[in-house]
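What follows is a short report on a single structure.
Chain A is the first sequence line, chain B the second, and so forth, proteins listed ahead of strands; every chain is numbered from 1. Everything numeric in this text was worked out from a predicted model, so none of it was measured.
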Amino acid sequence: MAEQLAHGLANGLSLGCLIGLLAVGYSLIYGVARLINFAHGDLFVLGGYYTLFLVRGGERIELTSILVLWTLTTALAIFSTLRRFPFAKRLGVAIGGAAIAALLGFSVLGKGLPTPLAVTLAMLFSAVAGVAFEYTVYKPLDGAPRLNYLVAAIGLSLALQGFMQIFFGTQRRSFPSESIRVLQGAPFWTHGYFTSLDILIISTTLLITLGTALLAKRSTIGLMIRATADDPILASRLGLDTRAARAYVFAAGTALAALAAFLFVGRQGVLEPTLGYSQGILAFSAAVIGGIGNLGGSLLGGMFIGIIVSLLPLVDTDAILASLPSFLQHALPSVNLSNWGLGVVYLLMALTLAFRPAGLLANEQTREL
Amino acid sequence: MVSLKAIPVRHVIPMLSILLVIAPFAIGPRFLDIAIIALIFTVMAMGLHFIVGLCRLFDLGLAGFVCIGAYCTGILMVRLHWSYWAAAGVAVLLSMISGIILGLPTLRLNGDYFAIVTFGFSEVVVLIMRNWRDLTGGPFGLGGIPDPAIFGHTISRFPPRDYYFLALGMLTLVLCLHLALRRTMLGAQMVAVGDDEPLCTITGIDVVYIRAAALALTAGVGGLAGSFWAIYFKFLSHADFTLNLSVQVLAIVILAGSRRIESVLIAGLALAPLGELLRRWLRTANIPEAGRVILYGILLILVIWYRSRSIREDANAVA
C-alpha cells in the first residue's frame, strides 16, 4: 500500500507539473488580459502537433495545412504588431515575413529535426499563433463586457479543434520513440519512484516557472506587464504600450503550452485533437484553486490536482462502502473513482470559488473577482 | 433584424402564434421534424433568457439541466412505467432543485467565474449519467422511451403533428411565464440586478436571492425542454448534452441581443431551423462533424464581434 502510495505521489507530482505549466499560461494571460482563454487547451494541442511534425514527417496534407497555418499566423502577427506604421508598409512587411516564415517552415517541417531544436521551434511557432489569435479574435472586442471574450474564446476553441480534427485526423498519435529517447534513456537519472522522464518534467517545469517569475519581477518587459495587469488604464495613460504587454503574455503563455504539450505527449504517449478540452479544464481549475494571476500558486494548484487525480484510483471504495450501515450499502452504487477525476476537480474548484474566490494562495496581487 | 424593426413589438406575438398554429398543416413531415427541434431550442433559449438576458449572468451549464430533465423523465417512464406528465413534473422539480443547489454557493460570483462553474456543473451531470450504469444505461444510452398518452389517447410519433402541438404548448407555457414575470416585482428586480448589481446591494435587494430565482427558472425550463427531448427523440445519450448544446442555445440568446422576450422568440424560431438545416445539409454533403464544429466556432466569433459593436449604443442589449 505504501509502495502504491509513493508511486501515485510521484506520478501525480509529474502529471501535476504538466498541468501546472498549462495553468501558469492561463494565469499569465488572465492576469493581464483579464480573459479566460478557453482556447488555451487547444493551443496546447496545436503546440503538440507542431512538435510532432517537426521531429517526424507527417502526411502531405498535414504538413501542408500546418505550413499554411504557420505562414498565416506569422503574417497576421506581424501585420497587427506593426500598427504604428502606415498600412502599405505593414502589408509589405507582413507579406515579406510570411514568405520567410513559409521558407523556414518548408525547410524544417517533416525533416526530422533533433528533439531540442524541434521543441524550441514549436514553442516559437505556437507563440506566433497565440499573438495572431490575440489580435484577430480578441482585439475587435475591446471595450465590450468581459464575458464577450469568453464567448469568443469558446468559438476559437471550437474552430481550432475542428481544424485539427479535419487536417490531422482524429486518430491518436505519439512521438517516434527515438525522438524521446533523451527522455526515457539515461537510467542513472532514475531515482526511487521517479523515472528519468518524471525528473526531467519536474525540473523543467520548476526552472521555467521560476524563469518566468524572475522575468516578470526583474525585466523591463516584466515591469510593463505587471503595470498593465495592475491598472491597464493608468498604464496606457502613462504611455505604456498595453497592447504589446498583452501580446507578450499571449506569446509566453502559448509557448509554455507548447512545451507542456511536448512533455505531456512524451509522457502519456497520446496526442489527439480533442485532448485540449479536458487538459485545458484541468489547468484552468488548477489556476483557480491556486489563485489565478499568481504564477507560483497556479503551479502549486497544478501539482495539487495532479496528485489528487493520480491518488483517486487508490481509494478503496468497496472497503468504504462495506463499512457503511447496510441500508446505505444498497442505496449507493459501487463506483470506481478513477472515472471521477474530472468531477472531483470541479468540486474542488467550486469549493475554492465559494469559500476563497481569490484562490488558496491569495495575496495582494491576486485579484478578488 | 433590420427589416423586422418596422413591426411594432406588440404585434409580434399574435403574428407568430397564427404562423405557428398554421405551420404544421402547411409543411411536410420532414420539415415538421425540423420545426419541432426549432421549438425545443426556442424553449431552451427562453429558459436561458431568465439568467442570461435578465440577470446578465453567463450560464454555460444549460445542457446539464436539460440532461437532468431528460434522464429523469426517461428513467421514470422506462424503469418505473410512470406516465409522462408525472415524470415531467418530477423532472422540472428536480432540475429546479439542482439549479438552486448549484446557485447558492456560486451566485455571489461574477462574470466568467460563474460561467466556468456552471460549465463544470453540466460536465459533472454528464459524468454522472455516463458512470451510473445501472440507472442510466451508462455509455450505451437509455432507449425505448414510450409515447405519452393524453386523456387515454396515445400521441403518435409518425407524423409528429401531435408532438408539434405538445412542443407549442410548452413554448406557450414558457412565454406566459415570461410575460407574467415581466409584470411582477421579481422580474423588475432581475432586470435591476442585471443592470447594476452594486446599486441593488445598496438599496437592499437580495442579489443572491434574485439570481437564485432566475437560475431556478432557467433550470426548470431546461428540465421541461429535457423531458420533451426524452419523449421526442426516444433515446438518450450522455454525449448529446455537451458544451456544444449550451453554446448553441447561448448563441441564440446573444444574437437576439435584447431583454425583450419577443426578440428571443424571433431569434430562436429563425436561427434554430437554420442550424438544424445546416446540420442536415452538412451530413448529406458528407462533410465530417469537425466541419460543423469549425463553422460553429467561426460563427460564434462573428456573432460576438457584431454584438460587441452594438453594445455601446443599446442599453437593453445582452452581452
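Here the closest heavy-atom approach between residue B/Ile298 and residue A/Ala159 is recorded as CG1-CB, 4.2 Å.
Among the candidates B/Ile128, B/Leu104, B/Leu302, the residue making the largest number of heavy-atom pairs closer than 4.5 Å to chain A is B/Ile128. Per-residue counts of heavy-atom pairs under 4.5 Å with chain A were compared for B/Leu250, B/Val124, B/Ile301; the largest is that of B/Ile301. Comparing B/Leu243, B/Val303, B/Asn244 by how many heavy-atom pairs each has under 4.5 Å with chain A, the most go to B/Leu243.
Enclosure of atom OH in A/Tyr277 by more than 12 non-hydrogen atoms of other residues, nucleotides or ligands within 6.0 angstrom is indicated. Atom CZ of A/Arg172 has 12 or fewer neighbouring heavy atoms from other residues, nucleotides or ligands inside a 6.0 Å radius. In this structure, A/Ile233 places its CD1 atom where only 12 or fewer heavy-atom neighbours from other residues, nucleotides or ligands lie under 6.0 Å away.
Within the 4.5 angstrom heavy-atom criterion, no atom of A/Thr274 approaches chain B. Only the side chain of A/Ile281 comes within less than 4.5 Å of a heavy atom in chain B; its backbone stays farther off. A/Leu150 touches chain B through its side chain: at least one heavy atom from C-beta onward sits under 4.5 Å away, while N, CA, C and O do not.
By the 4.5 Å heavy-atom criterion applied to side chains, B/Phe58 and A/Val151 are counted as neighbours. Counting heavy atoms from C-beta on, the side chains of A/Ile166 and B/Ile294 come closer than 4.5 Å.
Between the OH atom in B/Tyr296 and the CG atom in A/Leu158 there is a gap of 10.0 Å [rounded to 0.5 Å]. In this structure, CG on A/Asn148 lies 9.0 Å from CZ on B/Arg307, to the nearest 0.5 angstrom.
The closest donor-acceptor contact from the side chain of B/Trp305 to the backbone of A/Val137 lies under 3.5 Å.
In summary, the aromatic rings of B/Phe119 and A/Phe284 are positioned with their centroids too far apart to meet the 6.0 Å limit.
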- Task: Before giving the answer on side-chain contact (heavy atoms from CB on, under 4.5 Å), spell out for B/Ile116 and A/Phe38 the whole-Å C-alpha distance, their side-chain angles and the decisive distance to 0.1 Å.
- Result: CA-CA 10 Å; B/Ile116 290 293; A/Phe38 209 81; 4.1 Å; yes
